[in-house]
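Reviewing the structure listed below.
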Amino acid sequence: MKAYDHKKIEKKWQDVWEKTEPNKALTSSPKKKFYPLIEFPYPSGTGLHVGHIRSNTAMDIIARKRRMEGFNVLYPIGWDAFGLPTENYAIKTGVHPEIVTKQNTDNFRKQLKSLGFSFDWSREINTTDPKYYKWTQWIFLQFFKKGLAYKAKRPINWCLSCKVGLADEEVIDGHCERCGGPTEKREKEQWMLAITKYAERLDKDLDDVNYLEKIKIQQRNWIGKSEGSEIEFKIENLREHSEHLSSQGEETKIKVFTTRADTLFGVTYLVIAPEHELVKNLASRVTNADEVNKYIQAVKKKTEIERTDAGKEKTGVELQGLKAINPANGEEIPVFIADYVLAHYGTGAIMAVPAHDERDFEFAKKFGLSIKRVIEPVYIGKEEGAPKVGEKFVKRDAVCVVLKNPKDDTYLCNVWKTSHMQGLLTGGIEDGEDVVEAATREIKEESGYRNVRFINDPKWTVNTFFYHQQKKQNRWARFRYLYFELENEERDAVDQVEAEKHEFVWKKKEELKDFFSVFEGRFLLNILDNPDYCYLDLGYLGNSGEFDGLSSEEAKNKITEFVGGTIKTTFKLRDWVFSRQRYWGEPIPVIHCPKCGYVPVPEIELPVELPNVENYTPTDDGESPLSAITEWVNVACPACKGPAKRETDTMPNWAGSSWYYLRYADPDNSNEFASKEALGYFTPVDWYNGGMEHTTLHLLYSRFWHKFLYDLGLVPTAEPYAKRTSHGLILADDGSKFSKSKGNGVTPADVIEPFGADSVRLYEMFMGPFDQAVAWDSNGIVGVRRFVEKVWRLQEKAGTSGKEENKKIKNLLHKTLKKVSEDIEEMKFNTAISSMMILVNELDRQETIEEGIYKTLLMMLAPFTPHVTEEIWQNLGSEKSIHLESWPAYDPKLITEDEVTIAVQIDGKVRATFTAQAGLPQAEIQETALGLEVVKKWLPEGGFTKVFYVKDRLINFLSK
RNA sequence: GCCAGAGUGAUGAAAUGGUAAACAUGCGCGACUCAAAAUCGCGUGCCGAAAGGUUUGUGGGUUCAAGUCCCACCUCUGGCACCA
């Protein structure tokens, strides 16, 4: 037998596959389709990353398994090739980005092919190909025609040293991604896409897709749906002031958004964002206009870093001469502008409730504004519902009693449980006392028990329970929960309570379930009087007129109705800034005519191709380099034929990737982005794997585009991806992220060369759980390489005919088959591989191996290591490719064990094990177990009180 | 601060509530060899000569039985962050 020569074998089969194109998906096929997708790579100059290999291999294994299962699989590949690094390279070297892109994609293609991925190369796409971006532009025009693409003045990030407009993603902590210099916000007209119009559906439709839960959660957080109320406040001039300005006595209204309409009676001032339009109107009516304008200017000057600094103090200015009227109670309250209120969220103005909102609280403390408490943690208006002194109640499975402290009229709860008792320390610790002493004293005083004694065991003494940490502002009181034991006669009493406890738990659990929260609320009342305390949770209303006693939830609706407000849903999601003042992107196909406004380029003229420029650097005024090409910019208006100018902004690199999965269905279509038939057959994507870093941008953007196309009747499904999973990052061997500057990366070629693509693929699947980050460890690859060699060497033992059936091996084979089949579906590749290793180790110990068994092993291994399995397959004399074989099914009859190991436990400790025939009844197992010497030793006289038997697994005897 | 996830040998890691550490790396010993590599075999959580004890971030709880379930705390990673 020849030695395993991975270079020769891999080259050989890659050449064969290049010619035979075995992975071409058929556009029409009677077979069921399967569409797995990876995020198409950005062809960077540094080449393929080991991270690409990890996610590509995972989906490759799934794609290959599906083919063997009889599916018509579309596993496509392409290039997301617009983007900054290529453009920056062009700026530096003057080489056209198109040429750079060509070089990079050639390099990537070669590297991907060297790993044996089963991509359908005939459908390769490239976002920078005019034939492709024609349709990106076309889709943009559909947005434009529906009014979902619009121009608006928006602040953009401006790098002071590069003199370049940057996207949000290109700014890291207020600094330019390229040069590291500081950035600031500048106002600029930008193209926007109205993704917020789809916010509701983007949120709701997550219910219908099979995404990993954490992906759904992140998307939901990003969309930030929140339900609340909009309420109007009248703004009036102060009396003495309005006499002065009699003509300006008109009434203005400020609309605020709040999720806590229940706190309306606690509003003690209003705040408007400094950028709010209303501020300009009001400015003429205030008596301190100078001060106000100064503040507004100061806010504008702040950089992004200063404004978002977490720990910074609140600032603001009162609009003097004005008062707002609280619609709930008619009170006059002051109006402020402050930059802690965001102009773009809600209505840009808030009602401030310092007693129940931390930010308002902080602001009110600083400016000496009044703080009015209107939410109580417990309903204290009437007696029913509130716990009475001495009353018992149940929290989870413990019994509590409300006690009264005569000293300060506070409440105390004791919890009885088994033989010890837990209590809340309410009175604090006196000088010189330790916690235990203080608790002992308190429990004695409060409970009336005389013989309270703490168990003198570090395990039992002080335990934190109700331990609201002292926060920065020293806002929370601190409690400790203690365990202690009672002396004899009192323990009897406790035991009685214990008995009652079970009764409570089982009989009254339902009716008593809220009781503890009520108690907890009572307790909190004590610290509410603390001037440094701010209560944020829901509760019951007080100080709120006719609404007193209502729960927060009820009150939200009732109060909103009472003041004529409306229930409203808001989202954190903002419209998508869609222009870049850059060269290397899709030109936005719009013409600006002085007469007709923005006119779309007629569809027949698409694509609007990128013209050649001399210099790729953005201009000094932040315009795209395209703006310098006058012959390209100046065109006739498509509508009036008058002189007009092309839009010189380009699209962000998210544009081409928002719909690429649709193009794969029909990549060469020049009449439409993809035919209805092709889309109807292939979409939606069945399984999309990608990085978590794209959850809130790419994934959300492409769902938005897809829904828009769906509304136009152009795609058959409401969601683009039926299933989404994510892979973990590959970290450098020191656990840090790979980075070019550190030079701690691993170049794929460096490991493929010595170990082979099959081993590299296998290693990346074996190195750890697929969804977790793992550090690269070049030593680890040695193990899988040895495994591959072992599989190779088994050829020698295989094929011996006339061997008697080895039942044990068959059993192991089918168990492995089951495990591998199931693990692949759950992306548990590491355990799938380990189970194959176990099988191979066992086979290696055999003198000879049945060929059928060896072949089955090769088939289940084929998706992982396509080259070596194909080579062995051929060596065994098969004409047909192993990848065209059917995925082997396991036989459920063959995976049952006939012999099992029974563990014998005594009091839960394993004392012995023995093998027995599977499926024996308890009596027989018990007899065998009791006959063991070791068991006799641990169970003298064979005495045991109870026995537990888990079939075919263990038997547990309880002594005593 | 909020949301999510994770803490297990020297290392990457396994483990439907049922014998913790499978599989792999590393290390030690042995076989083969003039020798080395490769390969194969044995061993390898900790304490202990052994019997045995002990071990899954910490402290409790539930259970015949907890890495796994419940409560509290600590630490780390990722995301969001003045979102009213």
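Only heavy atoms go into these numbers, but all of them, side chains included; no hydrogens, no water, no symmetry mates. By convention in this document, chain letters (A, B, ...) are assigned in the order of the sequence lines, proteins followed by strands, and residues within each chain are numbered from 1.
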Quick one: do A:Lys225 and A:Glu200 make a salt bridge, cutoff under 4.0 Å? yes
Measure the distance from OH on A:Tyr340 to P on B:G1 and round it to the nearest whole Å. 21 Å
What's A:Asp360 touching, base or sugar-phosphate or nothing? Going by heavy atoms closer than 4.0 Å. nothing
The side chain of A:Arg786 lies closest to which of these nucleotides: B:U39, B:A22, B:G53? B:U39
Using the six-membered base ring of B:C64, report whether A:Phe948 stacks on it, requiring centroids under 5.5 Å and planes under 30° apart. yes
Considering only NZ, NE, NH1 and NH2 on the basic side and carboxylate oxygens on the acidic side, decide whether A:Glu842 and A:Arg845 come within less than 4.0 Å. yes
Would the distance check show the side chain of A:His356 and the main-chain N or O of A:Thr263 forming a donor-acceptor pair, the cut-off being under 3.5 Å? no
Nearest whole angstrom, please: distance from the C1' of B:A13 to the CE of A:Met767. 12 Å
Using the P atom on both, measure B:A50 against B:G45 and round to a whole Å. 13 Å
Just to be sure I understand the rule, does A:Val774 reach a base, reach only the sugar-phosphate, or reach nothing, if contact means heavy atoms closer than 4.0 Å? sugar-phosphate
Sugar-phosphate, base or nothing in reach of A:Thr913, heavy atoms under 4.0 Å: base
Ignoring hydrogens and angles, are the base of B:C82 and the side chain of A:Lys314 linked by a donor-acceptor pair under 3.5 Å? yes
note: A:Leu264, atom CG; B:A84, atom P; distance rounded to Å ~ 17 Å
Reckon A:Arg911 touches a base, only the sugar-phosphate, or nothing at all at heavy-atom distances under 4.0 Å? sugar-phosphate
Please classify the nucleic acid contact of A:Leu954 as base, sugar-phosphate, or nothing, using heavy-atom distances under 4.0 Å. base
Nucleotide B:A51, atom P - distance to NZ of A:Lys909 in whole Å: 17 Å
Check every strand shown and say whether A:Ile838 touches a base, only sugar-phosphate, or nothing at a heavy-atom separation below 4.0 Å. sugar-phosphate
Remember a base hit wins even if backbone is also touched, and classify A:Lys790 as base, sugar-phosphate or nothing at under 4.0 Å, heavy atoms. sugar-phosphate
Is A:Phe571 touching bases, backbone alone, or none of the nucleic acid, heavy atoms closer than 4.0 Å? nothing
Can you find a pair of side-chain heavy atoms, one from A:Phe755 and one from A:Tyr763, that are under 4.5 Å apart? no
Looking only at B:C40, B:G52, B:G79, the nucleotide nearest the A:Arg793 side chain is B:C40
Write down the distance between CD (A:Glu213) and C1' (B:A6), rounded to a whole number of angstrom. 18 Å
Check every strand shown and say whether A:Asn221 touches a base, only sugar-phosphate, or nothing at a heavy-atom separation below 4.0 Å. sugar-phosphate
Hey, would you say the A:Phe363 and A:Tyr269 ring centroids sit under 6.0 Å apart? yes
